[in-house]
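Every chain is numbered from 1, with letters handed out A, B, ... down the list of sequences.
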There are 2 protein chains.
Amino acid sequence: MISRIEKMCALVKMKMTTQRRVIAEVISNAVDHPCAEEIYKRVNEIDKNISLATVYRTISIFESNHIIKKLEIGDGKSRYEANYSNTEHHHHLIDIDTGEIIEFIDEDIEKLKHDIAKKLGYVLIDHRLELYGKKINK
Amino acid sequence: MISRIEKMCALVKMKMTTQRRVIAEVISNAVDHPCAEEIYKRVNEIDKNISLATVYRTISIFESNHIIKKLEIGDGKSRYEANYSNTEHHHHLIDIDTGEIIEFIDEDIEKLKHDIAKKLGYVLIDHRLELYGKKINK
DNA sequence: ATAGATGCAAACATTTTGCGCCGAG
DNA sequence: CTCGGCGCAAAATGTTTGCATCTAT
């Protein structure tokens with residue numbers, strides 16, 4: 001089974017190695033937002049010979065090809081998620097007690113952001129919205 | 001002249017040392033978003049004996065007392081700005097060509113964010129919005 | 001065949017920490 | 001006086017890189 005990210009790599013004409021295929025698979029299957037070290041651990045459960053350096057290099061290439069997105073939630077490390085362009089643009093709510101990340105989509109924000117950038121004389125390329133909250137009744 | 005941040009330290013009953021006073025002054029006067037190293041350099045122009053470790057420790061205390069805010073614009077280092085609660089909540093537009101940071105305020109987003117958090121079962125504590133854009137006509 | 005990808009270990013950059021001394025309250 | 005803050009240097013953490021080797025195309 002070819003992972004979704006591997007298909008995106010093909011579109012960008014990336015040379016596909018065993019390592020990249022495994023890393024693509026791991027990130028495609030992730031339901032959370034793993035950091036480089038976590039990706040490395042999951043990759044190593046599939047193939048013990050893949051190095052952390054390769055994970056970093058591959059992540060970096062995926063990111064510059066917009067195949068994955070980096071998020072910085074303030075815990076010191078960069079975290080990543082697949083960037084499926086046909087999926088709606090979503091954002092993150094971070095539970096400040098548990099660190100849990102909840103994804104959400106909001107139409108109104110999608111509309112607003114372009115207007116704001118335009119008003120400032122910019123074309124919007126990307127954006128990031130993160131909410132930090134505490135669970136009600138806990 | 002007592003800096004604005006120093007006044008906030010007093011409210012939180014922080015022990016005020018020469019070092020903290022100078023660091024408070026530097027961050028209060030910053031019109032940009034300096035990282036720890038940059039704060040350290042500016043601090044040293046006023047007092048050569050203040051160490052980088054103290055800058056980090058002080059920043060950390062300021063941050064946990066909500067006196068300053070950390071921002072991560074994706075350049076690998078944490079950047080900081082004063083968090084004047086009586087100032088309107090603002091956000092950042094980052095020029096992806098120059099790295100320039102433009103601050104802006106948007107009323108509609110202020111309204112939206114609380115509704116979204118509530119809908120997800122959370123009380124909003126903080127949030128962060130960053131737009132990344134290219135200047136029009138350049 | 002060959003450009004580019006990999007593994008390893010060393011280098012880097014940023015941030016944190018242990019310890020003995022010092023200074024604010 | 002005393003507790004916490006300080007400077008220094010060392011360590012920890014996350015990430016990048018030089019080099020010799022290997023591999024997808």
Q: Show your reasoning for whether salt bridge (charged side-chain N to carboxylate O under 4.0 Å, His left out) applies to Glu6(A) and Arg21(A).
A: CA-CA 6 Å; Glu6(A) 190 179 336; Arg21(A) 238 181 287 275; 2.8 Å; yes

Q.
With a 3.5 Å distance limit and no angle check, can you tell me whether Arg20(A) reaches the backbone of Lys15(A) through a side-chain donor-acceptor pair?
A. yes

Could you go over nucleotides 16-23 of chain D and give all protein N or O partners under 3.5 Å, atom names and distances?
unit_1: dG18(D); atom_1: O6; unit_2: Arg57(A); atom_2: NH1; d: 3.4

(Q) What is the first contacted nucleotide of DNA chain C and what is the last, in 5' to 3' order, if contact means an atom lying under 4.0 angstrom from a heavy atom of chain B? (A) dT14(C) to dG25(C)

Q: Check whether any side-chain N or O of Asp95(B) sits under 3.5 Å from a backbone N or O of Glu100(B) as a donor-acceptor pair, and report yes or no.
A: no

Q: Step by step, work out the salt bridge (charged side-chain N to carboxylate O under 4.0 Å, His left out) result for Asp32(B) and Arg42(B).
A: CA-CA 12 Å; Asp32(B) 53 353; Arg42(B) 294 175 200 180; 2.7 Å; yes

Q. Whole-Å distance between dT15(D) P and Ile59(A) CD1?
A. 8 Å

Q) Under 30°, 30 to 60°, or over 60°: which ring-plane class applies to His92(A) and His33(A), parallel, tilted or perpendicular? A) perpendicular

Q. Hey, does the side chain of Ser28(A) reach the backbone of Ala24(A) with a donor-acceptor pair shorter than 3.5 angstrom?
A. yes

Q: Output the residues of residues 19-47 of chain B in contact with DNA chain C, where contact means a heavy atom of the residue under 4.0 Å from an atom of the strand; sort by number or write none.
A: Ala36(B)

Q. In whole angstrom, what separates Met16(A)'s CE from dT25(D)'s C1'?
A. 13 Å

Q: Please say which of Glu72(B), Glu38(B), Glu130(B) ends up in a salt bridge (Lys or Arg N to Asp or Glu O under 4.0 Å) with Arg79(B).
A: Glu38(B)

Q: May I ask you to decide if Thr54(A)'s main-chain N or O and Thr58(A)'s side chain share a donor-acceptor pair within less than 3.5 Å?
A: yes

(Q) Main chain of Ile67(A), side chain of Asn65(A): is a donor-acceptor contact present, judged purely on distance under 3.5 Å? (A) no

Q. If you find the nucleotide of DNA chain C closest to Thr18(A) and the one closest to Lys77(B), which residue's nucleotide is nearer the 5' end?
A. Thr18(A)

Q | Spacing between Glu72(A) atom CD and dT15(D) atom C1', to the nearest angstrom | A | 12 Å

**Q.** Within 6.0 angstrom of Ile2(B) CD1, more than 12 heavy atoms from elsewhere
**A.** no

